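All remarks here apply to the structure that follows.
As the structure is a computational prediction, the values presented were derived from the model and not from experiment.
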Amino acid sequence: MSVDLHTHTTFSDGALTPAELVARAAALGISVLAITDHDATDAHAEAVVAAPAGLQIVTGTELTCQLDGREAHVLAYGFDPDDACLRSALETFAAARVDRAREIVRRLNDVGVKVGFEEVAAIAGAGTIGRPHVAQALIARGHTRSLGEGFTRYLGRGAPAFVEKKRLAPKEAFRLIRAAGGVAVLAHPGTFRRDDLIPLLVEDGLEGLEVRHTEHSAAQSRHYEALAAGLGLLTTGGSDFHGTAGHRSRLGFPDVPDRWAAALVARSGERH
(Lines give C-alpha, C1' and ligand atoms only; values in the text may rest on other atoms or scores of the structure.)
Protein backbone atom coordinates (compact mmCIF):
# COMPACT_ATOMS: atom_id res chain seq x y z
CA MET A 1 0.00 0.00 0.00
CA SER A 2 1.16 3.57 -0.60
CA VAL A 3 0.33 7.12 0.36
CA ASP A 4 0.01 10.32 -1.70
CA LEU A 5 -0.69 13.51 0.22
CA HIS A 6 -0.34 16.06 -2.60
CA THR A 7 -2.61 15.82 -5.66
CA HIS A 8 -4.75 18.10 -7.82
CA THR A 9 -8.01 17.71 -9.74
CA THR A 10 -10.11 19.66 -12.20
CA PHE A 11 -11.23 21.80 -9.26
CA SER A 12 -7.88 23.59 -9.64
CA ASP A 13 -5.25 22.85 -12.29
CA GLY A 14 -5.39 19.05 -12.50
CA ALA A 15 -6.54 17.01 -15.49
CA LEU A 16 -8.68 14.42 -13.66
CA THR A 17 -11.99 14.81 -11.89
CA PRO A 18 -12.02 13.76 -8.23
CA ALA A 19 -13.73 10.49 -9.13
CA GLU A 20 -11.17 9.77 -11.86
CA LEU A 21 -8.29 10.55 -9.52
CA VAL A 22 -9.73 8.29 -6.83
CA ALA A 23 -10.19 5.46 -9.34
CA ARG A 24 -6.59 5.77 -10.49
CA ALA A 25 -5.32 5.92 -6.91
CA ALA A 26 -7.29 2.80 -5.99
CA ALA A 27 -5.93 0.96 -9.03
CA LEU A 28 -2.40 1.80 -7.89
CA GLY A 29 -3.04 0.44 -4.40
CA ILE A 30 -2.88 3.81 -2.68
CA SER A 31 -4.29 3.59 0.84
CA VAL A 32 -4.32 7.27 1.86
CA LEU A 33 -4.99 10.10 -0.59
CA ALA A 34 -5.16 13.85 -0.02
CA ILE A 35 -6.53 16.15 -2.71
CA THR A 36 -4.84 19.52 -2.29
CA ASP A 37 -6.36 21.72 -4.94
CA HIS A 38 -5.22 25.34 -4.96
CA ASP A 39 -7.46 27.47 -2.73
CA ALA A 40 -10.31 24.97 -3.03
CA THR A 41 -11.89 22.09 -1.13
CA ASP A 42 -14.73 21.30 -3.56
CA ALA A 43 -13.23 17.98 -4.68
CA HIS A 44 -13.45 16.41 -1.24
CA ALA A 45 -17.14 15.45 -1.20
CA GLU A 46 -16.98 13.81 -4.63
CA ALA A 47 -13.78 11.98 -3.72
CA VAL A 48 -15.27 10.56 -0.52
CA VAL A 49 -18.30 9.25 -2.39
CA ALA A 50 -16.11 7.69 -5.10
CA ALA A 51 -13.53 6.13 -2.77
CA PRO A 52 -13.74 2.34 -2.44
CA ALA A 53 -13.21 0.53 0.84
CA GLY A 54 -9.56 0.64 1.81
CA LEU A 55 -8.86 4.11 0.43
CA GLN A 56 -8.88 6.90 3.00
CA ILE A 57 -9.48 10.44 1.75
CA VAL A 58 -7.87 13.22 3.80
CA THR A 59 -9.19 16.77 3.45
CA GLY A 60 -6.64 19.08 1.91
CA THR A 61 -5.96 22.32 0.10
CA GLU A 62 -2.88 24.29 -1.00
CA LEU A 63 -2.68 27.97 -0.06
CA THR A 64 -0.30 30.52 -1.54
CA CYS A 65 1.52 32.70 0.98
CA GLN A 66 4.09 35.49 0.85
CA LEU A 67 7.13 35.59 3.10
CA ASP A 68 10.15 37.88 2.82
CA GLY A 69 9.41 38.55 -0.83
CA ARG A 70 9.08 34.88 -1.70
CA GLU A 71 6.08 32.74 -2.57
CA ALA A 72 5.52 29.88 -0.15
CA HIS A 73 2.92 27.16 -0.59
CA VAL A 74 1.22 25.84 2.51
CA LEU A 75 -0.63 22.54 2.52
CA ALA A 76 -3.57 22.22 4.90
CA TYR A 77 -4.74 18.78 6.04
CA GLY A 78 -7.48 17.26 8.13
CA PHE A 79 -9.57 20.41 8.53
CA ASP A 80 -13.35 20.72 8.51
CA PRO A 81 -14.21 21.57 4.88
CA ASP A 82 -17.38 23.29 6.07
CA ASP A 83 -15.60 25.68 8.44
CA ALA A 84 -17.15 29.09 7.76
CA CYS A 85 -14.00 31.18 8.16
CA LEU A 86 -11.90 28.96 5.93
CA ARG A 87 -14.62 28.78 3.29
CA SER A 88 -14.97 32.57 3.33
CA ALA A 89 -11.22 32.97 2.82
CA LEU A 90 -11.23 30.48 -0.07
CA GLU A 91 -14.14 32.30 -1.71
CA THR A 92 -12.18 35.55 -1.47
CA PHE A 93 -9.21 33.87 -3.12
CA ALA A 94 -11.41 32.45 -5.87
CA ALA A 95 -12.78 35.92 -6.65
CA ALA A 96 -9.26 37.35 -6.68
CA ARG A 97 -8.17 34.63 -9.10
CA VAL A 98 -10.94 35.61 -11.52
CA ASP A 99 -9.89 39.27 -11.36
CA ARG A 100 -6.28 38.25 -11.92
CA ALA A 101 -7.16 36.11 -14.94
CA ARG A 102 -9.12 38.98 -16.47
CA GLU A 103 -6.14 41.30 -16.03
CA ILE A 104 -3.78 38.73 -17.55
CA VAL A 105 -6.03 38.42 -20.60
CA ARG A 106 -6.20 42.22 -20.89
CA ARG A 107 -2.41 42.49 -20.85
CA LEU A 108 -2.10 39.72 -23.43
CA ASN A 109 -4.50 41.55 -25.72
CA ASP A 110 -2.54 44.77 -25.20
CA VAL A 111 0.59 43.12 -26.64
CA GLY A 112 -1.31 41.67 -29.59
CA VAL A 113 -1.91 38.18 -28.24
CA LYS A 114 -5.60 37.59 -28.88
CA VAL A 115 -7.34 35.36 -26.36
CA GLY A 116 -10.63 35.84 -24.54
CA PHE A 117 -11.43 35.50 -20.86
CA GLU A 118 -14.40 33.28 -21.76
CA GLU A 119 -12.00 30.81 -23.39
CA VAL A 120 -9.87 30.68 -20.26
CA ALA A 121 -12.91 30.30 -18.02
CA ALA A 122 -14.22 27.44 -20.17
CA ILE A 123 -10.92 25.60 -19.78
CA ALA A 124 -10.95 26.14 -16.01
CA GLY A 125 -14.52 24.84 -15.79
CA ALA A 126 -15.59 24.39 -12.17
CA GLY A 127 -12.02 24.74 -10.95
CA THR A 128 -10.21 27.69 -9.42
CA ILE A 129 -8.92 29.64 -12.40
CA GLY A 130 -5.18 30.12 -12.77
CA ARG A 131 -2.30 30.80 -15.13
CA PRO A 132 -2.15 27.18 -16.38
CA HIS A 133 -5.63 27.67 -17.84
CA VAL A 134 -4.45 30.82 -19.63
CA ALA A 135 -1.44 28.88 -20.92
CA GLN A 136 -3.76 26.18 -22.29
CA ALA A 137 -5.84 28.85 -24.04
CA LEU A 138 -2.66 30.21 -25.63
CA ILE A 139 -1.86 26.73 -26.97
CA ALA A 140 -5.41 26.31 -28.30
CA ARG A 141 -5.11 29.62 -30.12
CA GLY A 142 -1.75 28.64 -31.62
CA HIS A 143 0.22 31.36 -29.85
CA THR A 144 2.46 28.85 -28.07
CA ARG A 145 3.28 25.17 -28.30
CA SER A 146 3.56 24.22 -24.64
CA LEU A 147 2.67 25.34 -21.13
CA GLY A 148 6.31 26.12 -20.48
CA GLU A 149 6.55 28.37 -23.51
CA GLY A 150 3.42 30.22 -22.41
CA PHE A 151 4.91 30.95 -19.00
CA THR A 152 8.30 31.92 -20.40
CA ARG A 153 7.01 34.25 -23.09
CA TYR A 154 3.90 35.72 -21.50
CA LEU A 155 2.83 34.59 -18.02
CA GLY A 156 5.91 34.19 -15.82
CA ARG A 157 7.46 36.84 -13.61
CA GLY A 158 8.97 39.56 -15.80
CA ALA A 159 6.88 38.55 -18.82
CA PRO A 160 4.43 41.05 -20.36
CA ALA A 161 1.24 39.51 -18.93
CA PHE A 162 2.50 38.61 -15.47
CA VAL A 163 0.14 39.65 -12.66
CA GLU A 164 0.86 39.10 -8.98
CA LYS A 165 -1.40 36.69 -7.11
CA LYS A 166 -3.24 37.56 -3.91
CA ARG A 167 -1.35 35.91 -1.07
CA LEU A 168 -1.80 35.34 2.63
CA ALA A 169 0.75 36.00 5.31
CA PRO A 170 1.83 32.55 6.57
CA LYS A 171 0.71 33.36 10.12
CA GLU A 172 -2.79 34.12 8.88
CA ALA A 173 -2.87 30.90 6.84
CA PHE A 174 -1.78 28.90 9.87
CA ARG A 175 -4.46 30.57 12.00
CA LEU A 176 -7.21 29.73 9.50
CA ILE A 177 -6.04 26.14 9.17
CA ARG A 178 -5.72 25.55 12.92
CA ALA A 179 -9.13 27.15 13.64
CA ALA A 180 -10.70 24.73 11.14
CA GLY A 181 -9.10 21.79 12.95
CA GLY A 182 -6.35 21.28 10.38
CA VAL A 183 -2.58 20.92 10.23
CA ALA A 184 -0.30 23.29 8.26
CA VAL A 185 2.61 21.85 6.27
CA LEU A 186 5.16 23.71 4.14
CA ALA A 187 4.96 22.35 0.60
CA HIS A 188 8.12 21.33 -1.30
CA PRO A 189 10.60 23.34 0.80
CA GLY A 190 13.31 22.45 -1.71
CA THR A 191 11.68 24.83 -4.19
CA PHE A 192 11.06 27.48 -1.48
CA ARG A 193 14.86 27.59 -0.97
CA ARG A 194 14.78 29.51 2.30
CA ASP A 195 15.58 26.99 5.01
CA ASP A 196 16.58 29.89 7.26
CA LEU A 197 12.95 31.02 7.39
CA ILE A 198 11.50 27.66 8.40
CA PRO A 199 12.17 28.12 12.16
CA LEU A 200 10.30 31.45 11.94
CA LEU A 201 7.38 29.67 10.29
CA VAL A 202 7.38 27.13 13.12
CA GLU A 203 7.06 29.99 15.61
CA ASP A 204 4.03 31.22 13.65
CA GLY A 205 2.31 27.82 13.69
CA LEU A 206 3.83 25.59 10.99
CA GLU A 207 3.50 21.93 12.01
CA GLY A 208 5.06 19.92 9.20
CA LEU A 209 7.39 19.73 6.20
CA GLU A 210 6.69 18.03 2.89
CA VAL A 211 9.87 15.96 2.93
CA ARG A 212 9.29 13.78 -0.12
CA HIS A 213 8.15 15.45 -3.34
CA THR A 214 8.57 15.02 -7.08
CA GLU A 215 10.92 18.03 -7.22
CA HIS A 216 13.11 16.84 -4.32
CA SER A 217 16.25 14.83 -4.86
CA ALA A 218 17.03 11.95 -2.51
CA ALA A 219 19.58 14.17 -0.77
CA GLN A 220 17.01 16.93 -0.30
CA SER A 221 14.50 14.48 1.13
CA ARG A 222 17.06 13.26 3.68
CA HIS A 223 17.96 16.85 4.52
CA TYR A 224 14.36 17.91 5.14
CA GLU A 225 13.58 14.78 7.11
CA ALA A 226 16.49 15.62 9.43
CA LEU A 227 15.41 19.26 9.60
CA ALA A 228 11.85 18.26 10.50
CA ALA A 229 13.13 15.98 13.24
CA GLY A 230 15.28 18.77 14.65
CA LEU A 231 12.36 21.18 14.72
CA GLY A 232 9.82 18.69 16.02
CA LEU A 233 7.75 18.81 12.83
CA LEU A 234 5.56 16.21 11.17
CA THR A 235 6.91 14.72 7.94
CA THR A 236 4.72 14.33 4.87
CA GLY A 237 5.12 13.68 1.18
CA GLY A 238 3.33 13.52 -2.11
CA SER A 239 3.63 13.51 -5.85
CA ASP A 240 2.03 16.91 -6.58
CA PHE A 241 0.17 14.98 -9.25
CA HIS A 242 -1.64 17.04 -11.89
CA GLY A 243 -2.06 14.56 -14.74
CA THR A 244 -1.48 17.28 -17.32
CA ALA A 245 0.78 16.95 -20.35
CA GLY A 246 4.36 17.87 -19.55
CA HIS A 247 3.96 17.56 -15.78
CA ARG A 248 6.51 14.99 -14.65
CA SER A 249 4.77 13.92 -11.43
CA ARG A 250 3.52 10.34 -11.09
CA LEU A 251 0.64 9.47 -8.79
CA GLY A 252 1.90 7.50 -5.79
CA PHE A 253 5.55 8.53 -6.20
CA PRO A 254 7.77 9.18 -4.36
CA ASP A 255 7.16 6.56 -1.69
CA VAL A 256 5.61 8.00 1.50
CA PRO A 257 5.54 5.88 4.68
CA ASP A 258 2.12 4.96 6.06
CA ARG A 259 3.23 6.09 9.51
CA TRP A 260 3.69 9.65 8.26
CA ALA A 261 0.08 9.77 7.08
CA ALA A 262 -1.10 8.15 10.32
CA ALA A 263 0.69 10.78 12.42
CA LEU A 264 -0.79 13.57 10.31
CA VAL A 265 -4.31 12.19 10.61
CA ALA A 266 -3.86 11.66 14.35
CA ARG A 267 -2.74 15.26 14.84
CA SER A 268 -5.79 16.68 13.09
CA GLY A 269 -8.02 14.14 14.81
CA GLU A 270 -7.04 15.60 18.17
CA ARG A 271 -8.74 18.86 17.12
CA HIS A 272 -12.14 17.48 16.21
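A donor-acceptor distance shorter than 3.5 angstrom exists from the side chain of S31 to the backbone of S2, with no hydrogens or angles considered. A donor-acceptor distance shorter than 3.5 angstrom exists from the side chain of T152 to the backbone of G148, with no hydrogens or angles considered. Looking at E172, its side chain never comes within 3.5 Å of a backbone N or O of A169 through a donor-acceptor pair. Not a single donor-acceptor pair under 3.5 Å links the side chain of T36 to the backbone N or O of E62. No donor-acceptor distance shorter than 3.5 angstrom exists from the side chain of D4 to the backbone of G238, with no hydrogens or angles considered. Side-chain atoms of H73 do not come within 3.5 Å of backbone N or O of L63 as any donor-acceptor pair. Without hydrogens or angle criteria, H272 side chain to G269 main chain gives no donor-acceptor distance under 3.5 Å. Checking side-chain atoms of E225 against main-chain N and O of R222 turns up no donor-acceptor pair under 3.5 Å. Looking only at distances, no side-chain donor or acceptor of D37 sits under 3.5 Å from a matching main-chain atom of A40.
L251 and F253 are members of different hydrophobic clusters when ILVMFWY side chains are connected at heavy-atom separations under 4.5 Å.
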Less than 3.5 Å apart, which donor and acceptor atoms pair up between the side chains of residues 176-188 and the rest of the protein, not counting sequence neighbours?
residue : atom : partner : partner atom : Å
H188    : ND1  : T191    : OG1          : 2.7

Identify every side-chain donor-acceptor pair in residues 196-205 under 3.5 Å, counting partners at least two apart or on other chains, and give the distances.
residue : atom : partner : partner atom : Å
D196    : OD1  : R194    : NE           : 2.8
D196    : OD2  : R194    : NE           : 3.4
D196    : OD2  : R194    : NH2          : 2.7

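Residues A261 and V3 share a closest heavy-atom pair of CB-CG1, 3.9 Å. The minimum heavy-atom distance between D240 and S249, with the atom names listed, is O-OG, 3.4 Å. The nearest pair of heavy atoms linking F192 to R70 is O-NE, 2.9 Å.
Of the listed residues (T59, T61, L264), just one forms a side-chain contact (heavy atoms from CB on, under 4.5 Å) with Y77, and that residue is L264. Each of H242, H38, H213 was compared with H6 under the ring-ring contact (aromatic ring centres under 6.0 Å, His included) criterion, and only H213 meets it.
Side-chain contact between E207 and R267: present, with at least one pair of heavy atoms (C-beta onward) separated by less than 4.5 Å.
Applying the salt bridge (Lys or Arg N to Asp or Glu O under 4.0 Å) test to every pair with at least one member in residues 115-129, sequence neighbours left out, gives these pairs: E119-R141.
Residues T236 and W260 bring no donor and acceptor atom of their side chains to less than 3.5 Å of each other. Checked by atom type, the side-chain pair T128/D39 shows no donor-acceptor distance below 3.5 Å. Side-chain contact, H44 with E46: no donor N or O sits under 3.5 Å from an acceptor N or O.
In the hydrophobic clustering (ILVMFWY side chains linked at under 4.5 Å, chained through shared members), V115 is joined by V98, I104, V105, L108, V111, V113, F117, V120, I129, V134, L138, F151, Y154, L155, V163.
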Show the numbers, then the answer: is there a side-chain contact (heavy atoms from CB on, under 4.5 Å) between T235 and L209?
CA-CA 5 Å; T235 49; L209 287 183; 5.8 Å; no

Start with the C-alpha gap between E149 and H143, add the side-chain angles, then the distance that decides, and say whether side-chain hydrogen bond (donor to acceptor under 3.5 Å, both in side chains) holds.
CA-CA 9 Å; E149 183 184 355; H143 296 302; over 6 Å; no

What verdict does the side-chain contact (heavy atoms from CB on, under 4.5 Å) test give for F241 and T214, after you've listed the backbone C-alpha separation in whole Å, the side-chain angles of each residue and the deciding distance to 0.1 Å?
CA-CA 9 Å; F241 178 77; T214 295; over 6 Å; no

Evaluation steps, side-chain contact (heavy atoms from CB on, under 4.5 Å), between I35 and F11
CA-CA 10 Å; I35 296 175; F11 279 101; over 6 Å; no

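Other residues, nucleotides and ligands place more than 12 heavy atoms under 6.0 Å from the NZ atom of K165. Atom CZ of R167 has more than 12 neighbouring heavy atoms from other residues, nucleotides or ligands inside a 6.0 Å radius. In R271, the CZ atom is crowded: over 12 heavy atoms of neighbouring residues, nucleotides or ligands sit closer than 6.0 Å.
With sequence neighbours left out, R87 forms a salt bridge (Lys or Arg N to Asp or Glu O under 4.0 Å) with no residue at all. Every residue meeting the salt bridge (Lys or Arg N to Asp or Glu O under 4.0 Å) condition with R106, not counting sequence neighbours, appears here in chain and number order: E103, D110.
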